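Here's the structure we're looking at; comments come further down.
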Amino acid sequence: MIKEKSTLRIFFQFVAIALVFLCSACGTPVPTNEEQVRVLSSPMPQEYFYDDLETYKKEHAAALQADKNFLWWKTFASEDLNALEEIALKENYDILSAYARMKQAAADANIAESEFFPLITLGASGAKNHSETKNEETGHSSGSSSERYRLEGGASYEVDLWGRVRSAYRADAMRFMASRDDLQAAAMTISADVAGTWVELLGNQAETAVLKEQININESLVKLQKVRFSNSLVSSLDVLQQEEVLAASKAELPDLLQKTLELKNSLCILLGKIPGNLPDFAMDAPLPVIMAIPEAGLPVHLLQYRPDIRAAWANVQASHYDLNEAEANRFPKLNLSFSHIFSAAHVSNVLENWTNELLASLNYTFFDAGEKKYQAEKMRVQAEEALLAYIKTVAEAVAEVNNTLAREYSQQEKLSLLEKQYVMAKSATRGALNSYLEGSEDIMRFLTLLQSTQDLERTIARQRVNVVQVRINLYRSLGNMYFPEEQVAQMTQKEDVHEK
């Protein structure tokens with residue numbers, strides 16, 4: 001008999017060792033930060049064409065605050081923009097929604113963490129029974145009553161043999177980190193949208209002012225033509241042609257006014273306000289003066305700045321922990337439970353009668369038609385998908401920065417060329433006007449040049465907005481909410497720091 005018990009004990013020990021070995025062999029390693037860098041090192045370009053870009057010699061409009069770090073929109077030195085950004089970061093709907101999702105993810109992580117601890121329950125119950133029995137011979141009934149009172153306390157705990165509980169918690173913890181980075185990504189996106197809408201509104205107001213000035217000029221020219229017509233110096237056709245130019249310029253005004261209203265409504269939504277409740281700020285303020293291009297760095301530097309990249313990497317790790325959990329579910333679960341019960345027929349005697357119960361159970365699903373196997377396979381494919389999504393996110397981030405830097409250069413060059421063109425067009429228009437007044441040129445030549453010059457003037461107003469918008473997009477693509485003080489100081493230098 002003793003030999004049989006010894007043999008049985010050895011058998012169970014062997015089975016336990018075998019299960020531990022099999023479980024340790026099935027675990028999937030979770031990618032580390034070193035592997036994250038290795039994943040990026042091969043297919044990604046190692047430069048941003050930065051050496052081909054000019055550093056623009058712009059003087060900052062106002063002194064920057066002497067903080068250790070600067071929020072990127074403070075480089076525009078606008079108190080109005082600073083106030084709008086502060087409101088948006090506190091009240092924007094998307095940011096608040098992202099914050100709510102982060103809190104949900106934190107709750108999920110706390111729920112998963114609770115499985116590390118035993119589940120303790122307390123209960124109390126009382127029952128009273130009464131029964132009546134009729135004696136058929138005598139016809140009398142007799143009754144009996146009984147009472148039962150019970151107090152119970154219990155604890156149950158799953159022994160995490162295969163790391164299922166640990167993997168579930170780490171997966172939810174990684175998802176919480178991803179949601180935290182998603183919140184930062186939302187803040188970065190909204191702050192850029194607020195700045196972009198604000199700049200577009202200022203630019204639209206500037207273009208409207210230019211158009212109104214052009215309308216005044218055209219009205220003066222119409223009056224001049226009518227005076228010359230009354231003196232028989234021009235024909236009625238010349239007057240009609242000038243009136244047509246005036247009508248064409250006036251036709252542009254409704255679109256600009258409508259766009260102003262739409263931009264105000266969009267800005268209200270970004271600020272978390274109902275349209276019509278836009279805070280007061282100077283809409284006729286000049287466009288901000290942009291500084292030199294900030295250092296973009298190498299693609300690997302984006303890892304610490306871009307919140308969407310960090311979130312994608314956290315999702316990769318979460319998916320691998322999900323896979324580990326699914327594989328651990330295929331092995332037996334060891335549960336321990338303990339209960340302490342007080343029971344008696346009278347309340348006064350409840351604490352005098354008690355029993356203890358200690359239970360250990362090992363449960364294993366012998367047949368489930370492959371459900372847990374396929375669940376693990378599903379998690380494995382999801383982990384592969386998460387890794388591919390991460391690599392794509394990084395590749396798109398690098399391309400976005402490359403494209404934005406190239407666009408920064410081209411838009412600055414375009415503005416410079418348009419301004420030169422405007423100087424020449426204005427000079428030609430003035431010359432054509434003098435020649436017309438002297439009678440040596442036809443009115444059509446002057447009107448053609450005037451129309452071209454006025455169109456070019458509005459194009460330049462829009463292009464100045466584009467230049468600032470590109471800089472905002474560059475800040476957005478870099479994903480860095482803060483710039484170090486020394487980098488801002490370098491950006492404000494008048495000299496070209498790359499010029500040899």
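It should be emphasised that the depicted structure is a prediction, and the values quoted were computed from it without experimental measurement.
Residues forming a salt bridge (charged side-chain N to carboxylate O under 4.0 Å, His left out) with K259 (at least two apart in sequence, or on another chain): E200. In this structure E396 satisfies the side chain to side chain contact (heavy atoms under 4.5 Å, CB included) test together with K392, sequence neighbours excluded. Applying the side chain to side chain contact (heavy atoms under 4.5 Å, CB included) test to K264 and every residue at least two apart in sequence or in another chain returns L201, T260, L278, M283. Listed by chain and number, the residues in a side chain to side chain contact (heavy atoms under 4.5 Å, CB included) with A168 are E325 (sequence neighbours excluded). Considering only residues two or more places apart in sequence or on other chains, K90 meets the side chain to side chain contact (heavy atoms under 4.5 Å, CB included) condition with E86.
In the displayed structure, Y99 atom OH is contacted under 6.0 Å by at most 12 heavy atoms of other residues, nucleotides or ligands. The 12-atom threshold is not exceeded at NZ of K426, counting heavy atoms of other residues, nucleotides or ligands nearer than 6.0 Å. When the shell of 6.0 Å around CG of N277 is examined, it contains more than 12 heavy atoms from other residues, nucleotides or ligands. Within 6.0 Å of OH on Y93 lie more than 12 heavy atoms contributed by other residues, nucleotides or ligands. More than 12 heavy atoms of other residues, nucleotides or ligands shown are found within 6.0 angstrom of CG on L261.
A salt bridge links R464 with E419: the distance from a Lys NZ or Arg NE/NH1/NH2 to an Asp or Glu carboxylate oxygen falls below 4.0 Å. A salt bridge is defined here as a Lys NZ or Arg NE, NH1 or NH2 lying under 4.0 Å from an Asp or Glu carboxylate O, and R164 with E158 meets this definition. In summary, R476 and D193 engage in a salt bridge, as defined by a charged side-chain N under 4.0 Å from a carboxylate O. E400 has a carboxylate O that lies under 4.0 Å from a charged side-chain N of R306, or vice versa, which qualifies the two as a salt bridge. Comment: D322 engages R175 in a salt bridge, judged by a side-chain N to carboxylate O separation of less than 4.0 angstrom.
For the pair R310 and M177, the minimum side-chain heavy-atom distance is 4.5 Å or more. Using a 4.5 Å heavy-atom cutoff, the side chains of S78 and W198 are in contact. Using a 4.5 Å heavy-atom threshold, the side chains of V468 and F76 count as touching. Considering only heavy atoms from C-beta on, I472 comes within 4.5 Å of W72 through its side chain. Contact of the E385 side chain with the V381 side chain is not registered, since no non-hydrogen atoms from C-beta on lie closer than 4.5 Å. Two residues are said to be in side-chain contact when any heavy atoms from C-beta on lie closer than 4.5 Å; P279 and K273 meet this criterion. Taking 4.5 Å as the limit, some side-chain heavy atom of Y390 sits within range of a side-chain heavy atom of I309. Counting heavy atoms from C-beta on, the side chains of N218 and Q242 come closer than 4.5 Å.
Between the side chains of R170 and Q317, no donor-acceptor pair of N or O atoms lies under 3.5 Å. Side-chain contact annotation: T429 with T453, donor-acceptor N/O pair under 3.5 Å present. If you check the side chains of E262 and Q258, you find a donor sitting under 3.5 Å from an acceptor.
Note that CD1 of I217 and CG of L450 are 7.5 Å apart. Values are rounded to the nearest 0.5 Å. Taken to the nearest 0.5 Å, the OG atom of S97 stands 12.5 Å off from the CE atom of M102. Atom CG in L119 sits 9.0 Å away from atom OG in S114 (nearest 0.5 Å). The CD1 atom of I290 sits 11.5 Å away from atom CD of Q469, with the distance rounded to the nearest 0.5 Å. To the nearest 0.5 Å, the span separating CD on Q184 from OG on S179 amounts to 10.5 Å. The line from OG1 of T404 to CG of L474 is 6.0 Å long, rounded to the nearest 0.5 Å.
Residues D182 and A311 share a closest heavy-atom pair of OD1-CB, 3.4 Å. Taking each heavy atom of A312 and T393 in turn, the nearest pair found is CB-OG1, 4.1 Å. Closest heavy-atom contact between L81 and A195: CD1-CA, 3.8 Å. Closest non-hydrogen pair, L456 versus A425, comes out as CD2-CB, 4.2 Å. Contact detail for E115 and Y157: the closest heavy-atom pair is O-CE1, 4.4 Å. Heavy-atom minimum distance, L211 versus S249: CD1-O, 3.4 Å.
Looking at E457, its side chain never comes within 3.5 Å of a backbone N or O of Y422 through a donor-acceptor pair. Listed for the D80 side chain is a donor-acceptor partner under 3.5 Å among the backbone atoms of A282. When atom types are taken as modelled, the side chain of N265 and the backbone of P275 share no donor-acceptor pair closer than 3.5 angstrom. Between the side chain of T189 and the backbone N or O of A186, no donor-acceptor pair lies under 3.5 Å. Checking side-chain atoms of S230 against main-chain N and O of V227 turns up a donor-acceptor pair under 3.5 Å. Between the side chain of T459 and the backbone N or O of D455, at least one donor-acceptor pair lies under 3.5 Å. In this structure, the side chain of D308 does not engage the main chain of A185 through any donor-acceptor pair within 3.5 Å. The closest donor-acceptor contact from the side chain of K372 to the backbone of N329 lies under 3.5 Å.
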Report task. Let me see the working for L71 and E85 under side-chain contact (heavy atoms from CB on, under 4.5 Å), right down to the final yes or no. Result -> CA-CA 10 Å; L71 288 163; E85 294 286 2; over 6 Å; no
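Of the options L263, I269, L271, a side-chain contact (heavy atoms from CB on, under 4.5 Å) to L267 is made by L271 and by none of the others.
Sorted by first and then second residue, the pairs that involve residues 245-256 and meet salt bridge (charged side-chain N to carboxylate O under 4.0 Å, His left out), not counting sequence neighbours, are E219-K250.
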